[in-house]
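A quick write-up on the structure given underneath.
Every number for a ligand or one of its atoms is a count from 1 in the order of the listing.
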Amino acid sequence: MSTSKPRILTGDTPTSTGLHLGHFVGSLENRLALQDAYDCYFLIANVHAFTTLAEKPADIRANTIGIVKDWLAVGLDPDRSTFVLQSEIPAIAELTFLFAMLIPFNKVMRNPTLKTEIETKGLGETYPFGFPMYAVGQCADILAFRPELVPVGEDQEAHIEMCRDVALKFNQVYAGVGNRVLADDHFKSGGVFPIPKAKIGRVARLVGTDGTNKMSKSLGNAIFLYDDAKTVQKKLNKITTGRQSPTEPGDPTNILMQYVDAFIGAANPARAAELKAKYAAGDNIGDGHVKAELGEVINALLEPMRARRAKLEGEQGDAIVLDVIRRGVKKANVVAEETLAAAKKAMKIDFGGRTVG
Ligand code: TRP
């Protein structure tokens, strides 16, 4: 738990559970790889879940526990990293209000990630005030932990951009950092916040098994991390490419070849290149062969996760999760309170701290 390591913060919103391969190559893989070199904070954005599920608190609670189980099964490690439950970190809510003064309202409403969400979730004109507010809240989620890096999927880039804008503005307005100071130099020039950078996953957009849309639970085109081996192979076998025979030259960018890149290319780039060359040339390689090889590689990746997930089922698993949450909240509040105190001091609203009770 060395504090000298640079920090990372990222998170998920518990609007559903059920991580799939798209989550893995887009973000989870990055988190796993960064756990040793960085001081990692993984946030469960359970307050944000209320932006669309305000009337379903039981679902949000179940999803919150489910997400922590998913993370543990994937290999995120609460002994090395800190799991942060958003609703138990009051500094995040306070920073949200303070940051909201530094972002023009119209800029929030033009945020492309929010606009896309309003469309794809069919929110129309009926979404609550808190829905666009969550974009400001996300700035607070991040900045409360003063991280250098924020590993996210491509769809979150607009939020990270907004977060950078807020941090720059805060440092300039309240911490005397000059307008010409480069983002990377803000912290050492006296800024309260380092200006965080997004880190996008290796595969920014994994296509679903339908071959057209992004892999997503709601589109029914996902291979889940906890599908059993047979289900994984069955889903792969159902993929259609329109190719007729093993000697027909195949499209080296089609869905199967994208999966070859994503899952075989990671560990064995030479084999991926060979498969793609043969496929493109129609060198006696059937779609069925590719699917079988993909199935083997993907199942080898998922097997240890499925085994860990199985051990977390039921109430015993819930108890483990609650303990992980309690430990994480304790550690997270130390850092977040420190940030809040520094921010309030810079804003000249430090009047001797809290007196509660
Ligand atoms: N909005 C993110 C998502 O839906 C989740 C999230 C909340 C997050 N707060 C964050 C991600 C802070 C990165 C950093 O995926």
Side-chain angles (χ1 to χ4, degrees), residues 7-20 22-31 34 38-53 60 63-64 66-68 70-71 74 76 81-89 91-93 95-96 99 108 111-121 123 127 130-167 193-201 204-206 214-218 328 332 335-336 339:
R7 277 191 204 138
I8 276 183
L9 179 126
T10 188
D12 296 318
T13 309
T15 41
S16 66
T17 50
L19 296 173
H20 54 62
H23 294 123
F24 187 78
V25 290
S27 163
L28 292 166
E29 180 187 61
N30 244 339
R31 299 183 196 179
L34 296 166
Y38 287 83
D39 184 16
C40 293
Y41 292 80
F42 301 127
L43 175 112
I44 307 126
N46 63 330
V47 177
H48 291 187
F50 282 82
T51 59
T52 55
L53 294 177
I60 296 174
N63 292 339
T64 296
I67 284 210
V68 176
D70 283 352
W71 286 357
V74 166
L76 300 188
S81 302
T82 306
F83 288 22
V84 184
L85 184 64
Q86 190 182 44
S87 60
E88 294 296 328
I89 315 297
I92 290 178
L95 288 170
T96 301
F99 290 156
V108 175
N111 178 310
T113 300
L114 284 186
K115 282 167 77 175
T116 310
E117 264 181 288
I118 289 169
E119 262 171 52
T120 56
K121 294 182 179 166
L123 302 181
Y127 55 80
F131 178 76
M133 185 75 174
Y134 103 71
V136 184
Q138 186 154 339
C139 300
D141 294 340
I142 297 168
L143 295 176
F145 296 91
R146 286 164 287 156
E148 285 185 13
L149 275 189
V150 187
V152 281
E154 178 180 52
D155 62 311
Q156 296 291 307
E157 264 183 308
H159 288 334
I160 312 305
E161 205 44 53
M162 205 159 103
C163 173
R164 288 170 58 87
D165 286 347
V166 169
F193 299 106
I195 313 302
K197 290 196 178 78
K199 182 172 170 66
I200 307 298
R205 178 186 181 278
L206 186 73
K214 183 174 160 171
M215 188 175 282
S216 135
K217 181 175 180 165
S218 56
V335 178
T339 305

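Taking F24 as the reference, nothing meets the ring-ring contact (aromatic ring centres under 6.0 Å, His included) condition, with sequence neighbours excluded. With sequence neighbours left out, Y134 forms a ring-ring contact (aromatic ring centres under 6.0 Å, His included) with H48, F131, H159. Remark: D155 pairs with no residue by the salt bridge (charged side-chain N to carboxylate O under 4.0 Å, His left out) rule, at least two apart or across chains.
In the model, S216 has a side-chain atom that pairs as donor or acceptor with a side-chain atom of S218 under 3.5 Å.
A donor-acceptor contact shorter than 3.5 Å links the side chain of R7 to the backbone of F145.
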Every pair of nitrogen or oxygen atoms between ligand 1 and the protein that is under 3.5 angstrom apart - can you list them with their distances to 0.1 Å?
| unit_1 | atom_1 | unit_2 | atom_2 | d |
| --- | --- | --- | --- | --- |
| ligand 1 | 1 (N) | Q138 | OE1 | 2.9 |
| ligand 1 | 1 (N) | Q156 | OE1 | 3.1 |
| ligand 1 | 4 (O) | T13 | OG1 | 3.2 |
| ligand 1 | 9 (N) | D141 | OD2 | 2.7 |

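Side-chain atoms of S81 and L76, non-hydrogen and from C-beta on, never get closer than 4.5 Å to each other.
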